[in-house]
2 protein chains.
Amino acid sequence: MSYATDLTETSASRAASTDTAPSQVHKPGQCTRANEVISLVGDKWSVQIVMLLGTGRHRFMEIKRAIEGISQKMLTVTLRGLERDGYVTRTVYPTIPPKVEYELTDLGLDLLEPLRALGSWALANHDRVVAARTAYDARAKAK
Amino acid sequence: MSYATDLTETSASRAASTDTAPSQVHKPGQCTRANEVISLVGDKWSVQIVMLLGTGRHRFMEIKRAIEGISQKMLTVTLRGLERDGYVTRTVYPTIPPKVEYELTDLGLDLLEPLRALGSWALANHDRVVAARTAYDARAKAK
DNA sequence: CTGTATCCCTATCGATACTG
DNA sequence: CAGTATCGATAGGGATACAG
């Protein structure tokens, strides 16, 4: 496990249209650390929930209804994970019936930015991906 | 399955620093389409491979050695998926022994940008997440 | 309403062995 | 070197049912 304490120059070295620049090394240590966070994005529901909470505070059932397709179990589990990682706060109102509200922390709000960038990109390029898939499948079937 | 044929105004409604703006609705159609692309990010290996290929053209074994922990099977499967979705090209040199090179397409290079943003964020905020986790676990154990 | 707990099925992935 | 095929282990996640 290598240690990279100073790594502010993440996207510094770009340029180099395509090849000819093997100077940009691939540091395993960084990837491990980065993946620890990114793996959350890999989660099927986490991104959607964070995006939804980006619109403000929400109750448990509100989220469940909004996400569409998520089971109660997965919602609970995912919210716990997000809370544990410091992305959301969980506020319980000891009323009857109980009322629990979830809201993004500062960290969660921070995360929202790169997440929205990715989401925008996904929406904008959705068609290109679908087209590529169709073409690929056509090529595969023809062969 | 709802159908959203027109959704060019992807990141149109931003602004709204934090709360007070419930006008930003959560459209399920968009999320479905976006997730179709984002799910690739969810994949454990895809992101790493795309990032690596962001440094230029690479051979199969080069990638395998660089990624660390990936099995041959997963590398093949992941690369096929990336190729199918139009992110990478696969070039075969019919030599003996065979030589296959993978390279990002324009689409893949495009994707690199939001991906790098996310990666930078992940690295920059890794410690905050770990701290949050530790605090959460401590709280949970204390109770 | 908001959770927890149980069961169970499936998709995923790693290890291994084999081909061109 | 690059890739396919097969076989297990296991974890993700859905469908309940139940509790505070």
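In what follows, chains carry the letters A, B, and so on, assigned in the order in which the sequence lines appear, proteins first and then strands, with residues in each chain numbered from 1.
- The salt bridge (charged side-chain N to carboxylate O under 4.0 Å, His left out) search around A/Arg80 returns none, not counting sequence neighbours.
- By the side-chain contact (heavy atoms from CB on, under 4.5 Å) test, B/Asp110 is found to be paired with A/Trp121, A/Asn125, A/Arg128, residues two or more places apart in sequence or in another chain being considered.
- When the side-chain nitrogen and oxygen atoms of A/Arg59 are compared with OP1 and OP2 of C/dC1, none of them lie within a distance under 4.0 Å.
- One interatomic measurement links the two molecules: NZ of A/Lys64 to P of C/dT2, which rounds to 11 Å at whole-angstrom precision.
- A/Leu115 has its side chain within reach of A/Met51: a pair of non-hydrogen atoms, C-beta onward, lies under 4.5 Å apart.
- In this structure A/Asp137 satisfies the salt bridge (charged side-chain N to carboxylate O under 4.0 Å, His left out) test together with B/Arg84, sequence neighbours excluded.
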Protein and nucleotides 7-10 of chain C: nitrogen or oxygen contacts under 3.5 angstrom:
none

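- Note on the helix from C/dC1-D/dG20 to C/dG20-D/dC1: terminal axis deviation equals 40°, with five pairs used at each end and the result rounded to 10°.
- Using a 4.0 Å heavy-atom distance criterion, B/Met61 is classed as a sugar-phosphate-only contact.
- In this structure, B/Arg65 and B/Thr76 both approach DNA chain D, and ranking their closest nucleotides by distance from the 5' end singles out B/Arg65.
- One can place CD1 of A/Ile63 at 14 Å from P of C/dC1, the figure rounded to the nearest angstrom.
- What separates CG of B/Leu75 from P of C/dT12 is a distance of 17 Å, to the nearest Å.
- Between the CD atom of A/Gln72 and the P atom of C/dA5 there is a distance of 13 Å, rounded to whole Å.
- No side-chain heavy atom of A/Arg90 sits under 4.5 Å from any side-chain heavy atom of A/Leu79.
- In the region residues 83-98 of chain B, proximity to DNA chain D at under 4.0 angstrom, judged on heavy atoms, holds for B/Arg90, B/Pro97, B/Pro98.
- For A/Glu83, there are no salt bridge (charged side-chain N to carboxylate O under 4.0 Å, His left out) partners two or more places apart in sequence or in a different chain.
- In terms of position along DNA chain C, the nucleotide closest to A/Val100 lies nearer the 5' end than the nucleotide closest to the other residue of the pair B/Ser71 and A/Val100.
- Nearest-nucleotide assignment on DNA chain D puts the 5′-proximal partner with B/Tyr102, out of B/Tyr102 and A/Ile70.
- Looking at residues two or more places apart in sequence or on another chain, you find no side chain to side chain donor-acceptor pair (under 3.5 Å) involving A/Tyr87.
- Evaluation of the salt bridge (charged side-chain N to carboxylate O under 4.0 Å, His left out) rule for A/Asp127 yields B/Arg33 as partners, not counting sequence neighbours.
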* **Check against side chain to side chain contact (heavy atoms under 4.5 Å, CB included), A/Glu103 and A/Leu53** => CA-CA 6 Å; A/Glu103 190 173 13; A/Leu53 290 181; over 6 Å; no
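- Remark: A/Tyr136 engages no residue in a side chain to side chain donor-acceptor pair (under 3.5 Å) (not counting sequence neighbours).
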Can I get a per-line list of side-chain donor-acceptor pairs under 3.5 Å for residues 69-78 of chain B, giving both atom names and the distance, sequence neighbours left out?
| residue | atom | partner | partner atom | Å |
| --- | --- | --- | --- | --- |
| B/Ser71 | OG | B/Met74 | N | 3.2 |
| B/Thr76 | OG1 | B/Gln72 | O | 3.0 |
| B/Thr78 | OG1 | B/Met74 | O | 2.6 |

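- On the nucleic acid side, DNA chain D has its first and last nucleotide under 4.0 Å of a heavy atom of chain A at D/dG13 to D/dG20, going 5' to 3'.
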* Asked: Could you walk me through whether B/Glu101 and B/Arg57 pass the salt bridge (Lys or Arg N to Asp or Glu O under 4.0 Å) check?
  -> CA-CA 6 Å; B/Glu101 288 191 332; B/Arg57 202 186 304 114; 3.8 Å; yes
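- In this structure, A/Ile49 is a member of the same hydrophobic cluster as A/Val92, with clusters built from ILVMFWY side-chain heavy atoms closer than 4.5 Å.
- Judged by distance alone, the side chain of A/Thr105 and the main-chain N or O of A/Gly86 form a donor-acceptor pair under 3.5 Å.
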